Each structure stands twice: as structure tokens, then as C-alpha cells.
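The block underneath contains the structure these notes are about, expressed in C-alpha cells.
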Amino acid sequence: MLERIREGSQSFWVKVFLVLIALTFALAGIGGYIANQPAPAVALVNGEEITQAEFDRAVENERARQQQQLGDFYDQLARDPRFTQQLRQRVVTDLVNQKLLEQAATARGLRVSAEQVKAAIRDIPSFKVAGQFDNDLYLTTLRSLGYTPDGFARVVRRDLVTQQFVQGIVSSEFVLPSEVDATQRLIGQTRSGKYAEFALADYIDQVEVDETAVENWYNNNIEQFAVPEQVKVAYVLIDAGSIAEQITIDEEEIRAYYEGNIDNYSTAPQYRFSHILIEAGEDEAAAREQASEILAELEAGADFAELAQQYSDDVFSGEQGGDLDFIERGTMDADFEEAAFALENVGDITGVVETSFGYHIIKLTDIKEGSVTPFAEVRAEIVAELQEERVTQRYYELQQQVSELTFEVPDTFAPVTEELGLPARETDFFSRNSAPAPLDSPAVLTQVFSDQLINEQLNSELIEVSDTESVVVRVLEHKPETIQSLSEVRDQVVENVRHEQAQEMAQQAADELVAQLRAGEATAAEFKALDNVGRQAPSQPRAVVQTLFELSVPAADGMSVGTANLANGSVAVVALTGMQQGEVNEAQTAQLQEQLINSYMQESYQAVVNALRAEAEIEILLGKDNAEQQ
């Protein structure tokens, strides 16, 4: 229980519960709401499909999330096919759980209001420009992807209902003040007693090892003496880092690049607009007439913001007086932009502008002047960009040249060394688990331990180790897997036998002492005192402290006794004589209460998911071949 509390100490599960079915589409992404094309299923949940398209999007989003979280370490993990397989299986499990929760919410008749749906849509980042909801962007996005506003709203409504179901489960948890106090006392509890150590070294010299024991230990642990398959290889490495060291960029080229790409270092003027939208609907003439009437009111001096709040069919911007914030060209309807960007002065208003969304009246409300970043400020950036281009170009050229030369002369790297100046390197023997960089990539190991390269001893194809490294390898020598003979490892086996038998003798002596203590007999053992020891006492052996807190609390003047195996192989007899409750710290009460609630929420959520899975008909169609596609 205490471990679960510690795991929940950062309110992680609160975030998980609320984000699980969140409208930012944590697993499926926005494409999961909009893409509406048939696709094969990877799972069936009570007869409902989880499609391959949903699964692929979820996998890519999970990869992106982990890459952001783990940084460069992710690339190392992603090279291992087992990591990819585990990620894909985990995503399938998450999607199944999500579908079960959705079905459970629907079956219970949960509902949300139209206002909640509208508010949720307005909060979706994909429909915002400069932090503000953009109705035209929203409609354009849905239309381009073949989705109607009503259809999209139904999907959002479904997710809100599911989220409501999840929140209903987890938010019902509570913690009584007495539970918080009791937990604080338990966490802060200290214990007293003593322990006696039976040192392994005291018994080692007493052990007499016979040949039968040595042979038995060797045979029972023979897998420890397996020598894995090994290879010795030659290889040629193409390294972008080494290429970069050889490339220089002259000043004239840097200046020419700056002048030729000046738009990249310029900030165009920014324009802020407000608008009033009258949707055409079924009666375009009436809509145009209404827009014309509103324009007349504006020309007569009416307040634009007030009319936008009163009449605009763009309810989201209308609530803000029609404000669309600063927009750039290319983000709005073409007819809208043509009229809007034709306005010259702040306060200018267009006439009635017809677009595919209806009739607009547009007002220019603010202008931010453009600027040009000086050459000196971007010089380093340009150098880096030019160098990267040159490195990339040269890297791919070398890949092509190395591939051709190693294919044309497949039993040597001499042409590569002579014509391209790339050194051929040789390794010592290594196994799959001891390969030197850059040969420790799964892609390389698969090749060098393949029957083809081992038997033919010819150059491999070009193998991409990473985005910046590629190799061609050739196996020079091969050693199959073997088992070391007893004669080779006799000293090691004898030492292990001696160690085990000494530990058995120490354990036997410890057991005898335990029996004496429980019988109340006097002993000559030397004990070390344990006074008010906490759970994390660093000054005492960890195994001793753990055993001390596992023993049942004795009656007054009594004693509980047990044994502990120490990390150094010794055995300790641990006696518990007293327990002292921890104190309640009011300053930590609120934090501990939150931790306990998080722990309970996690348990409740997992219990519901487990119950739904137990009752559901789930068929996973993601077979081995499918799972290994990505």
C-alpha cells in the first residue's frame, strides 16, 4: 500500500483519468475523429471494430509522446524490435480499454448538453489560430476532410460522455481524516530491537568441497557457462559527423544565401480583424439583405462589437465582439482574405463580402509592422543550415558510392579505402550482447549473425544504423556457441559450492539462535541494537530493516524473531522488541490526502477496466506479422 501511495505522489493518475478520453485525442489524434474511410480491424470489442487506421495513428502518437519524453534515449530503445512490439501491444490494450469504457458509458445512458459540446470543440487546439478559436478554420478543416459539423459534434459528444463515465468512477473516491492520520502514523512508524550477524567468512574455511558436489553444481548450473556465438568482422563506417568536420562555408556564400532567402528572415506586417458572419442558409437573398442592413447600421455609427455579438452566426468570435485576432494569409477563405487584406487603415470596414460560408462584414482593428532580422543575428543559423545541406548531400553520395564499390568487389574494402578514403576497420570477437558501437544496432547484429554472411564472408548491403551513420560489414571469422568444460571453470564452481555451503551453515546457526530466543533461553550471541529505526534507515543493512518491519509487533516485554539474508551473503537474526507510532504532521496532511485519493482512484479505475474486460468478448486480430509491420 505504501509503495502505491508513493507512486501516486505526483498526482499522475488524476491527469491520466482526465486525459484518457480527453478531447485532444490522446491516443487516436484528430485524425481519429475525422478520417472516415473503411480499414481492416486490429481488434473486435463486443462486436465493434478497432480499425488498422486507428491503431496506426495511435502508435505514431505514442511514439511521438515517448520521443518527446525520453529525448535521445528513445532512439536507442527504438532500435530494439522488442521495444516496438511491446509498444504496439500496449497501444492495442489501451484502445480496447477505451472502447470498453465508451460502450459502458453508452449503455448507462449518460448524456452531455449542447453547450458542453460547443465548449469542448472551442477548446480543441487544432481549431485555434493564435490561441483563439477560428470558426472558418474549423469549418474548412471539417469540410476538407468530409465531415459535417453535426457529425463531428456527435463524435465529440460521445467522447465527453465517456469522459463523464470515467470521471464518475474516479471522482467518487474519498479519504477520511482518520485514514490520513493513520497512514501518517504508519509511514512515520519506527521500531526497536536488535540483530546478530552470522558472517559468511566465518564458515567459508569450514567447508570441505568434494568432487560430487562440484560436478552436481556444474551440471545444475551449466547454462551459466555457455559461451555465446561470436564473430569477428571488418566494416566501413559512413559518419555524418566526420563529414561535417571536413566542410567549410565561405563568407560570400553565407551572404548570398541570406540575400536570396531574405523572406525567411523577415516578419511580414500582421493584421488583426473582426468580422460579422451571416450564414447563407437556404435563403441567400435574405442573408445578403440582413448583412446589408447591418452594414448600413455600421456606416451610421453603430458599434461593430455590439452588432457582432447580436447578429454574427460565428458564435465563437461573436462572443468576443467579432474578434479573429491576428491572422496570416492562407489561413482563411480566399474571398475573405482578398477583401480583408485590401483594408489599409485601422478602423476601415469592408462592404458585404460573399464567401463559401456566407456573408461577412470585416473590420481591420490592428496592424503590427513587419521587420527584417539583421544578417549578423542569423549568420550562425545560416552557416549551420548550409553545412547541414552539404553534409546531407555528401552523406548520401558516399552511401551510393560505398554501396556500388562493395557490391562490385564483394570480398574486400580496398576499393572503398583507395577511392573514397574511408578506413576499413576490424573488430575483435564479440557476441550479440558485447558488440562495439556502431555495430551494436539490431539491424547490424541481424546481418552479422546471419547464416549468409557467416558462410559466404562477403560484404553486406549498406546498413543504416541511425540517421547519421551507415555501415557495410563483412564477417571474417565465426565461433559457434559452446559450453565451457568443468576443467575450464573448476575454480569458479568450487568457489560457488563453498559459498553456498557456507551460507547453509550460517543459516543453520541462525535458525538455532531463533529457536533459542523463541524458547526464552539464554544465548552467547552478540547483538547490535536497533533503536527507533525508520523504514528508510540508511545506517542499517537494508535486509535487516525490511525484516524488522515485516515482523509482527509483540506483546509488552515480548519479542518477535526472524532471519534476513544480507547482500554480502551473511545471515542475520533480527529481533523486534518494540514499535513507536509516527506523529501526525498537519503540514503534510493535504499532500498525503491527495496521494491516498490518487491511489484509490487508480485502484477503482483499474478494477472497472478489469471487470469490463472480464465480461467482454474481445478478439485481438493484430497477429505477429501485422504487429511487425512498423
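This one's a predicted model, so the numbers in the text were calculated from it and none came from an experiment.
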(message) Taking salt bridge (Lys or Arg N to Asp or Glu O under 4.0 Å) as the definition, give me every residue that meets it alongside E385, ordered by chain and number, with sequence neighbours left out.
(response) none
(request) Kindly say whether L186 contributes a backbone atom to a donor-acceptor pair with the side chain of R535 at under 3.5 angstrom? (result) yes
(request) May I have the step-by-step check of side chain to side chain donor-acceptor pair (under 3.5 Å) for D263 and S266, ending in yes or no? (result) CA-CA 5 Å; D263 289 346; S266 303; 5.0 Å; no
(request) Mind checking the CG-NZ spacing from D123 to K128? Nearest 0.5 Å is all I need. (result) 5.0 Å
(request) Might you work through the side chain to side chain contact (heavy atoms under 4.5 Å, CB included) test for Q103 and V45, ending with a clear yes or no? (result) CA-CA 9 Å; Q103 292 172 346; V45 183; 3.8 Å; yes
(request) Scan for ring pair (Phe, Tyr, Trp, His ring centres under 6.0 Å) pairs involving residues 373-393, sequence neighbours excluded, and state none if there are none. (result) Y258-F375
(request) Please name all residues satisfying salt bridge (Lys or Arg N to Asp or Glu O under 4.0 Å) with R65, sequence neighbours left out, ordered by chain then number. (result) E62
(request) Mark yes or no for whether T392, through its side chain, and E388, through its backbone, hold a donor-acceptor pair below 3.5 Å. (result) yes
(request) Provide the closest heavy-atom pair for T162 versus A105 in the form atom of the first, atom of the second, distance. (result) CA-CB, 3.9 Å
(message) Any side-chain to backbone donor/acceptor pair from D134 onto L137? Under 3.5 Å, distance only.
(response) yes
(request) Please list, chain by chain and in numerical order, all residues satisfying ring pair (Phe, Tyr, Trp, His ring centres under 6.0 Å) with Y138, sequence neighbours excluded. (result) F127, F133
(message) I need the N135 CG to D314 CG distance, nearest 0.5 Å.
(response) 3.5 Å
(message) Counting neighbours of CD on E481 that are heavy atoms of other residues, nucleotides or ligands and sit closer than 6.0 Å, is the number greater than 12?
(response) yes
(message) With a 6.0 Å cut-off (strictly less than), is the heavy-atom count around CD of E223, excluding the residue itself, greater than 12?
(response) yes
(request) Side-chain contact test, heavy atoms from C-beta onward, threshold under 4.5 Å: evaluate it for T51 versus V42 and give yes or no. (result) no
(request) Decide yes or no for I620 and I618: does some side-chain heavy atom of the first lie under 4.5 Å from some side-chain heavy atom of the second? (result) yes
(request) May I ask you to decide if V161's main-chain N or O and R111's side chain share a donor-acceptor pair within less than 3.5 Å? (result) no
(message) Going by side-chain contact (heavy atoms from CB on, under 4.5 Å), name the residues that satisfy it together with L422, two or more places apart in sequence or in a different chain.
(response) V236, I238, L398, V402, V416, L420
(message) Tell me the closest heavy-atom pair linking D440 and A435, and the distance in Å.
(response) CB-O, 3.6 Å
Expected list for residues 376-383: side-chain donor-acceptor pairs under 3.5 angstrom, two or more places apart:
{"from": "R379", "atom 1": "NE", "to": "E251", "atom 2": "OE1", "distance (Å)": "3.3"}
{"from": "R379", "atom 1": "NE", "to": "E251", "atom 2": "OE2", "distance (Å)": "3.1"}
{"from": "R379", "atom 1": "NH2", "to": "E251", "atom 2": "OE1", "distance (Å)": "2.7"}

(message) Walk me through whether R394 and E397 qualify under side chain to side chain contact (heavy atoms under 4.5 Å, CB included).
(response) CA-CA 5 Å; R394 182 55 182 153; E397 287 176 355; 3.4 Å; yes
(message) Looking at A104, is its backbone amide N or carbonyl O close enough to the side chain of R108 to form a donor-acceptor pair, meaning the two atoms are under 3.5 Å apart?
(response) yes
(request) Count the heavy atoms belonging to other residues, nucleotides or ligands that lie under 6.0 Å from CD of Q246, then report whether that count exceeds 12. (result) yes
(message) Run the side-chain hydrogen bond (donor to acceptor under 3.5 Å, both in side chains) test against N565 and tell me which residues pass, sequence neighbours left out.
(response) none
(request) Using distance alone, with no hydrogens and no angle criterion, decide if Q98 and D94 have a side-chain donor and acceptor under 3.5 Å apart. (result) no
(message) Quick check on Y396: does its OH atom have over 12 non-hydrogen neighbours (other residues, nucleotides or ligands) under 6.0 Å away?
(response) no
(request) List in chain and number order the residues that pass side-chain hydrogen bond (donor to acceptor under 3.5 Å, both in side chains) with Q447, two or more places apart in sequence or in another chain; answer none if no residue qualifies. (result) none
(request) Report yes if some heavy atom in the side chain of V465 is under 4.5 Å from a heavy atom in the side chain of L439; otherwise report no. (result) no
(request) Can you sort out the partners of K118 under side-chain contact (heavy atoms from CB on, under 4.5 Å), two or more places apart, ordered by chain and number? (result) E115, V315, F316, E319
(request) Please report the closest heavy-atom contact between T427 and P436, naming both atoms and the distance. (result) CG2-CG, 4.2 Å
(message) Can you list everything that forms a side-chain contact (heavy atoms from CB on, under 4.5 Å) with A384? Sequence neighbours excluded, please.
(response) none
(request) Indicate the atoms forming the closest heavy-atom contact of T547 with A564, along with that distance. (result) OG1-CB, 3.3 Å
(request) Report the residues that fulfil side-chain contact (heavy atoms from CB on, under 4.5 Å) with R185, sequence neighbours left out, ordered by chain and then residue number. (result) D181, Q581, V584
(message) Is it true that Q184 and T589 share a donor-acceptor pair across their side chains at a distance under 3.5 Å?
(response) yes
(message) Can you confirm whether Q452 is buried at CD, in the sense that more than 12 heavy atoms of other residues, nucleotides or ligands lie under 6.0 Å from that atom?
(response) no
(request) Indicate yes or no: at least one non-hydrogen side-chain atom of P438 is less than 4.5 angstrom from one of Y235. (result) yes
(message) If only side-chain N and O atoms count, and only distance matters, is there a donor-acceptor pair under 3.5 Å linking Q52 with D56?
(response) yes
(message) Using modelled atom types and a 3.5 Å cut-off, is there a donor and acceptor pairing between side-chain atoms of S172 and backbone atoms of I169?
(response) yes
(request) Indicate the atoms forming the closest heavy-atom contact of A43 with V96, along with that distance. (result) CB-CG2, 4.2 Å
(message) Within the 4.5 Å heavy-atom criterion, are Y600 and E179 side-chain neighbours or not?
(response) yes
(message) Are L101 and Y605 packed together at the side-chain level, in the sense that at least one heavy-atom pair is separated by less than 4.5 angstrom?
(response) yes
(message) What's the separation between atom CD1 in I124 and atom CZ in R122, rounded to the nearest 0.5 Å?
(response) 12.0 Å
(message) Run the side chain to side chain contact (heavy atoms under 4.5 Å, CB included) test on R613 and T93 for me, step by step, so that the C-alpha distance in whole Å, both residues' side-chain angles and the decisive distance to 0.1 Å come before the verdict.
(response) CA-CA 10 Å; R613 293 185 71 96; T93 300; 3.9 Å; yes
(request) Go through L548 and Q540 one step at a time and tell me if the side chain to side chain contact (heavy atoms under 4.5 Å, CB included) criterion holds. (result) CA-CA 11 Å; L548 189 70; Q540 303 295 343; over 6 Å; no
(message) Contact between V473 and V448 at the side-chain level, heavy atoms closer than 4.5 Å - yes or no?
(response) yes
(message) Check whether Q116 reaches the backbone of S113 with its side chain - one donor and one acceptor, N or O, closer than 3.5 Å.
(response) yes
(message) Tell me every residue that passes salt bridge (Lys or Arg N to Asp or Glu O under 4.0 Å) with D325, counting only those two or more places apart in sequence or in another chain.
(response) R272
(message) Under 3.5 Å, is there a donor on one side chain and an acceptor on the other for E550 and Q546?
(response) yes
(message) Would K368 pass as a cation-pi partner of Y271, given that its NZ or CZ must be under 6.0 Å from the six-membered ring centre and within 45 degrees of the axis?
(response) no
(message) Heavy-atom count check: over 12 atoms from other residues, nucleotides or ligands less than 6.0 Å from E389 CD?
(response) yes
(message) Assess, by modelled atom type and distance only, whether the side chains of Q399 and S470 contain a donor and an acceptor separated by less than 3.5 Å.
(response) yes
(request) To the nearest 0.5 Å, tell me how far S441 OG sits from I463 CD1. (result) 8.0 Å
(request) Taking all heavy atoms of F174 and all of L176, pick out the closest pair and write down the distance. (result) CE1-CD2, 4.0 Å
(request) For the residue pair N46 and K99, establish whether any side-chain heavy-atom pair is separated by less than 4.5 Å. (result) no
